[in-house]
Amino acid sequence: MQSINEKIILFVLVLLALSNLIFSIISSYSGPIIGFITAIVIAIHWWQKRDSRLIMIMAIVWILIHIYELIKLGISSYPVIISLNLLLPILLFYYSLKVYLQMKKEEK
């Protein structure tokens with residue numbers, strides 16, 4: 001890892017994986033397992049390839065899915081985990097955009 005932004009991206013992906021793992025353990029929903037697997041796969045891909053565009057796309061998809069869930073299901077009885085699943089992808093998008101712009105700047 002070269003920059004702090006790259007480390008933050010990996011850290012946020014790990015936090016997303018952990019929050020979804022915890023959510024799958026304490027709830028009866030199957031969605032958190034998908035979120036856990038997705039976060040782990042994306043973290044591994046990020047570790048190997050440093051593809052910030054994929055991270056930005058996944059962050060947007062993650063945000064949209066959880067906004068839909070929030071509208072459809074409400075805050076539910078797990079407000080902390082729902083909030084983490086909305087806020088962490090925003091951080092993920094922000095830092096992956098910073099990495100992407102930095103890489104573009106270095107290419108010139």
Legend entry - Linked, directly or transitively: V14 and V12 (ILVMFWY side chains, under 4.5 Å): no
Inset, instruction - Examine L92 and I65 and state if one hydrophobic cluster contains both, with Ile, Leu, Val, Met, Phe, Trp and Tyr joined whenever side-chain heavy atoms are less than 4.5 Å apart. - result: no
Inset, instruction - Can you spot which of I26, L21, I22 makes a side chain to side chain contact (heavy atoms under 4.5 Å, CB included) with S24? - result: L21
Inset, instruction - Would you name the heavy atoms of L13 and W46 that are closest together and state the gap between them? - result: CD1-CB, 4.2 Å
Legend entry - Nearest-0.5 Å distance that lies between atom CG in L16 and atom CG in L88: 4.5 Å
Inset, instruction - Could you state whether Y29 and I34 fall into the same hydrophobic cluster, counting links through intermediate Ile, Leu, Val, Met, Phe, Trp or Tyr residues with side-chain heavy atoms under 4.5 angstrom apart? - result: no
Inset, instruction - Using the test side-chain contact (heavy atoms from CB on, under 4.5 Å), find all partners of L87 that sit at least two apart in sequence or belong to another chain. - result: I90
Legend entry - Derivation of the side chain to side chain contact (heavy atoms under 4.5 Å, CB included) call for I33 and N20: CA-CA 7 Å; I33 294 294; N20 279 283; over 6 Å; no
Inset, instruction - Give, for atom CD of Q102 and atom OG of S3, the distance between the pair rounded to the nearest 0.5 Å. - result: 7.5 Å
Inset, instruction - Determine the minimum heavy-atom distance between P32 and S27, stating which atoms define it. - result: CG-OG, 4.2 Å
Legend entry - Derivation and outcome, side chain to side chain contact (heavy atoms under 4.5 Å, CB included), residues I42 and L54: CA-CA 8 Å; I42 296 300; L54 175 67; 3.9 Å; yes
Legend entry - Remaining members of the apolar cluster that contains L101, side-chain heavy atoms under 4.5 Å: M56, I60, L64, F93, L97, Y100
Inset, instruction - Mind checking salt bridge (charged side-chain N to carboxylate O under 4.0 Å, His left out) for E106 and listing every partner two or more places apart, or none if nothing turns up? - result: none
Inset, instruction - Scan residues 53-84 for pairs that pass ring-ring contact (aromatic ring centres under 6.0 Å, His included), counting only residues two or more places apart or in two chains. - result: F23-Y78, W62-H66
Inset, instruction - Evaluate the criterion side chain to side chain contact (heavy atoms under 4.5 Å, CB included) for residue pair M58 and T38; output intermediate values, then yes/no. - result: CA-CA 9 Å; M58 285 307 303; T38 301; 3.5 Å; yes
Legend entry - Point-to-point distance, once rounded to the nearest 0.5 Å, from CD of E69 to CD1 of I82: 6.0 Å
Legend entry - Spatial distance of atom CE (M103) from atom CG (N5) [nearest 0.5 Å]: 12.0 Å
Inset, instruction - Go through the structure and list residues passing salt bridge (charged side-chain N to carboxylate O under 4.0 Å, His left out) with K104, not counting sequence neighbours. - result: E107
Legend entry - Pairwise distance CD1(I55) to CZ(R53) - rounded to 0.5 angstrom: 12.0 Å
Inset, instruction - Give, for atom CZ of F11 and atom CD1 of I4, the distance between the pair rounded to the nearest 0.5 Å. - result: 10.5 Å
Legend entry - Closest contact, heavy atoms only, P89 versus A59: O-CB, 3.4 Å
Legend entry - same_hphob_cluster(L18, L84) at 4.5 Å side-chain heavy-atom cutoff: no
Inset, instruction - Apply side-chain contact (heavy atoms from CB on, under 4.5 Å) to I67 and list each qualifying residue two or more places apart in sequence or on a separate chain. - result: I63, I71, L86
Inset, instruction - Group every Ile, Leu, Val, Met, Phe, Trp and Tyr by side-chain heavy-atom contacts under 4.5 Å, then state whether V61 and F36 land in the same group. - result: no
